[in-house]
Engineer: 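Before anything else, here's the structure in question.
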Protein chains: 2
Amino acid sequence: MPGPTIYDVATAAGVATSTVSRAFSTPGRVSAATREKVLAVAAELGYQPNPHARALLSGKHHTVAMVVSDITNPHYFELIRGAEMRARVSEYTLLLVNAEESPRVEWEQIQRLAPAVDGFLLAASRLPDENLRQIAVQRPIVLMSRELPGLASVVLDHVEGCRQIVAHLSSLGHRDLVYLAGPRNSWMAGTRWAALKAAADQVGLTARRIGPFTPKVSQGGAAADGAVNAGTTAVVAHNDLLAIGVMQRLAQRGLRVPEDISVVGFDDIFAADVCTPGLTTLGGAHADLGRAAVELLLTAGTRGPDDQPRVLLPTELVLRGSTGPVA
Amino acid sequence: MPGPTIYDVATAAGVATSTVSRAFSTPGRVSAATREKVLAVAAELGYQPNPHARALLSGKHHTVAMVVSDITNPHYFELIRGAEMRARVSEYTLLLVNAEESPRVEWEQIQRLAPAVDGFLLAASRLPDENLRQIAVQRPIVLMSRELPGLASVVLDHVEGCRQIVAHLSSLGHRDLVYLAGPRNSWMAGTRWAALKAAADQVGLTARRIGPFTPKVSQGGAAADGAVNAGTTAVVAHNDLLAIGVMQRLAQRGLRVPEDISVVGFDDIFAADVCTPGLTTLGGAHADLGRAAVELLLTAGTRGPDDQPRVLLPTELVLRGSTGPVA
DNA sequence: GTGAAAGCGCTAACAG
DNA sequence: CTGTTAGCGCTTTCAC
């Protein structure tokens, strides 16, 4: 079962193990003839270098771990996809870890894997800032959908995005909006609210926040009722899942979208395009976020702790049927 | 940067490296006092065992690789989720690999990772049977959504599921159906068609197949036109993505679903529930498939090559608005 | 250009 | 119960 080793190859090819090693890692330092022979024998035996042995003395693992705060959220799937694809290009392997929304689990997993990976991608980490800094001294890390001064990060530009949302609603005649907030320990939730509030203030629109809500379809009912109760003409939900849940509840209550109330989401997940009415949502190239994060991680060695990049990718407001002029 | 090793801990605690090792791996074989001390020192130094060194001589990696034929298909996400969660429970790490629908890429990735993982989960593998058998002699493998005699597999019970689809359509008065086939090298596509055909024959319903189609929303247009051209009252699409694309195209052509034509999909992805009309689709606990596959893989050592389990999980036909009585 | 030998971090005999 | 020692498979000096 344990495949052939360089010893087997060396014996079969009549050379030393070091020569076999060189034939693979530094082909220039072996004569063409021996190299050919070694490679031929290796191929015949089905030899595959053992990554563990290699990692053991090189310290390089060719592996990055991606820790996702909640793998059940379809939105992260795009990030995972993008990350996997970029990693593959550099022949890196992607380790996938689910933190189950638990900071403790997240921390334990990271500590466990730290000696075995080249770096971490932390998507929507629920860890306190201090913990993130601790990790960063052990291993290169890149935050996704979260920012922290001194650490590399990739996020969508929500300031500009929220400005667009507000401009859109304002142009339709809405005079106020209600933000259905995401979880308390979500950096994104805070960011979205701040950006929304600032943009609203700027154009003289009233912005209120209710919540927090767990951003799932099932929570849409409570969120919708809260919004109706608040008496607004426009709601901006923390994400598309919540927004879809809201629309379902509104329909149930006999309220029409967008005639009676406009709904906006975040993420532009696939379902936003097929629900009725289509959901107006702030999207962006999420797979690119994943790609950019891996990119940053792989080049982390070239930067000092003082110039950790903060990549801001553009959002795009996708207009669909869920927003319309105020009656 | 390279964290502390057992040597550092041993020195600091004034014991031998083997004692440190034992304190971690076989706590029973050390006196309580020394164990306490070692663990304390280790914690203080922030010592973490190096998994590579451990794997190097144990041959156990506590890692399983999941190879997905096409990571862009949201359906696989559920499988990935389930697998990740089950792996986590046993403190296994899940490696995620995308084969990009290419048998060559799939094969290369598997060969590359073989020496570094405890086994493979192959989801909808596009590899020929022969290659699968070759892999199976190197490492334990579990096929997902594919079967091959002699290899462990987990699939949904499409025979029964397709029978239900046919019964449903038949009860609505449909006398024939058209299957919009998936890719040629997809085992699932062949299986679905065979099951559909058999079930149709049994109840005296005419079944025809057109395609193959790449199962994406964008291919729904061509598929829908083909179905309309064939002049049928019911189409069964290879998966929900294709079905949704079909419904979009039908709407565009002014055809009503289900009044003019009924549509059925496979997978019950999230979007099937929010599109209009809701999509009738053959679902099942896909996350459970992922779980079951990991389960099988982790217990693979206990079975001989002659009793490789073939796990069949139940499907469930989810009735929504896209199917209705024939006019 | 190639071989011999040391050692990466850890565990598993084998002594004591 | 604990220390000594020999590798796991590979790369990397250091000689030749």
Side-chain angles (χ1 to χ4, degrees), chain A residues 1-39 41-42 45-63 111-118 138-139, chain B residues 1-39 41-42 45-63 111-118 138-139:
Chain A
M1 183 73 78
T5 73
I6 39 171
Y7 287 92
D8 303 315
V9 178
T11 308
V15 297
T17 60
S18 45
T19 302
V20 177
S21 173
R22 278 190 281 256
F24 280 94
S25 26
T26 49
R29 323 241 261 99
V30 223
S31 76
T34 15
R35 183 178 351 123
E36 298 292 289
K37 167 145 209 177
V38 169
L39 294 184
V41 173
L45 264 52
Y47 165 76
Q48 287 294 133
N50 182 322
H52 290 304
R54 197 173 267 193
L56 188 51
L57 70 172
S58 72
K60 304 255 83 238
H61 316 84
H62 264 246
T63 300
Q111 292 308 315
R112 186 174 72 85
L113 292 173
V117 302
D118 294 315
Q138 304 178 59
R139 290 285 173 199
Chain B
M1 184 71 79
T5 73
I6 39 172
Y7 287 91
D8 302 316
V9 178
T11 309
V15 295
T17 59
S18 47
T19 303
V20 177
S21 172
R22 279 189 281 255
F24 280 93
S25 25
T26 48
R29 324 243 258 96
V30 220
S31 77
T34 22
R35 183 178 353 123
E36 298 290 290
K37 167 145 210 176
V38 169
L39 294 182
V41 173
L45 264 51
Y47 165 76
Q48 286 294 133
N50 183 323
H52 290 305
R54 197 173 269 194
L56 189 50
L57 72 169
S58 71
K60 303 255 84 238
H61 320 267
H62 263 247
T63 300
Q111 291 309 314
R112 185 174 72 83
L113 291 172
V117 303
D118 294 315
Q138 305 178 58
R139 291 284 173 200

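Only a predicted model underlies this, so the values are computations on that prediction, with no experimental measurement involved. Here is the naming used below: chain letters follow the sequence lines, and residue numbers restart at 1 for every chain.
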Engineer: Measure OH/A/Y47 against P/D/dG9 and give the value in whole Å, please.
Structural biologist: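 It is 10 Å, rounded to the nearest whole Å.
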Engineer: Got a sec? Which of residues 10-34 of chain B come in under 4.0 Å of DNA chain C, heavy atoms?
Structural biologist: B/S18, B/S21, B/R22
Engineer: In whole Å, what is the span from the CG atom of A/L57 to the P atom of C/dC10?
Structural biologist: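 That distance rounds to 14 Å.
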Engineer: Compute the ring centroids of A/Y7 and A/Y47, then answer whether they are less than 6.0 Å apart.
Structural biologist: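 No - the distance between ring centres of A/Y7 and A/Y47 does not fall below the 6.0 Å cut-off.
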Engineer: In this structure, how many angstroms lie between the C1' atom of C/dA6 and the CD1 atom of A/I6, rounded?
Structural biologist: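 So the CD1-C1' distance, A/I6 to C/dA6, works out to 13 Å.
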Engineer: With distance as the sole test, does A/T19 use its side chain to make a donor-acceptor pair with the main-chain N or O of A/V15 at under 3.5 Å?
Structural biologist: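 No: the side chain of A/T19 does not pair with the backbone of A/V15.
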Engineer: Nearest 0.5 Å, please: how far is NZ in A/K60 from CZ in A/R54?
Structural biologist: 13.0 Å
Engineer: Could you check whether any side-chain N or O of B/Q48 sits under 3.5 Å from a backbone N or O of A/Q111, counting only pairs where one atom can act as donor and the other as acceptor?
Structural biologist: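 Yes, B/Q48 side chain to A/Q111 backbone: donor-acceptor pair under 3.5 Å.
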Engineer: Look at the side chain of A/Y7 against the base of D/dC10 and say whether a donor-acceptor pair falls under 3.5 Å; ignore hydrogens and angles.
Structural biologist: yes
Engineer: Can you sort out the partners of A/T11 under side-chain contact (heavy atoms from CB on, under 4.5 Å), two or more places apart, ordered by chain and number?
Structural biologist: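 None.
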Engineer: What is the distance, rounded to the nearest whole Å, between atom NE2 of B/H61 and atom P of D/dG9?
Structural biologist: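 The answer, rounded to whole Å, is 11 Å.
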Engineer: How far does the helix from C/dG1-D/dC16 to C/dG16-D/dC1 bend, going by the axes of its first and last five pairs, to the nearest 10°?
Structural biologist: 40°
Engineer: Tell me: NZ of B/K60 to C1' of D/dC8, nearest whole Å?
Structural biologist: 15 Å
Engineer: Applying side-chain contact (heavy atoms from CB on, under 4.5 Å), name anything that partners A/R112, two or more places apart in sequence or on another chain.
Structural biologist: A/Q109, B/T93
Engineer: Which residues pass the ring-ring contact (aromatic ring centres under 6.0 Å, His included) test with B/H61, sequence neighbours left out?
Structural biologist: A/H52
Engineer: Under 4.0 Å between a side-chain N/O of A/R54 and OP1 or OP2 of D/dG9, yes or no?
Structural biologist: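 For D/dG9, neither OP1 nor OP2 has a side-chain N or O of A/R54 closer than 4.0 Å.
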Engineer: In whole angstroms, how far is the C1' atom of D/dT11 from the NE2 atom of A/H62?
Structural biologist: 14 Å
Engineer: Calculate the interatomic distance between B/L56 atom CG and D/dC8 atom P; express it in whole Å.
Structural biologist: 9 Å
Engineer: Roughly how far apart are A/N50 CG and B/L56 CG, rounded to 0.5 Å?
Structural biologist: 6.0 Å
Engineer: Could you list the donor-acceptor pairs under 3.5 angstrom formed by side chains in residues 27-37 of chain A, with sequence neighbours left out?
Structural biologist:
residue : atom : partner : partner atom : Å
A/S31   : OG   : A/T34   : N            : 3.3
A/S31   : OG   : A/T34   : OG1          : 2.4
A/T34   : OG1  : A/S31   : O            : 3.0
A/R35   : NE   : A/P27   : O            : 3.2

Engineer: Touch check for B/P115, heavy atoms < 4.0 angstrom, all strands: base, sugar-phosphate only, or nothing?
Structural biologist: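 Here B/P115 touches no strand at all.
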Engineer: In whole angstroms, how far is the P atom of D/dC8 from the CD atom of A/Q48?
Structural biologist: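 In whole Å, D/dC8 P and A/Q48 CD are 20 Å from each other.
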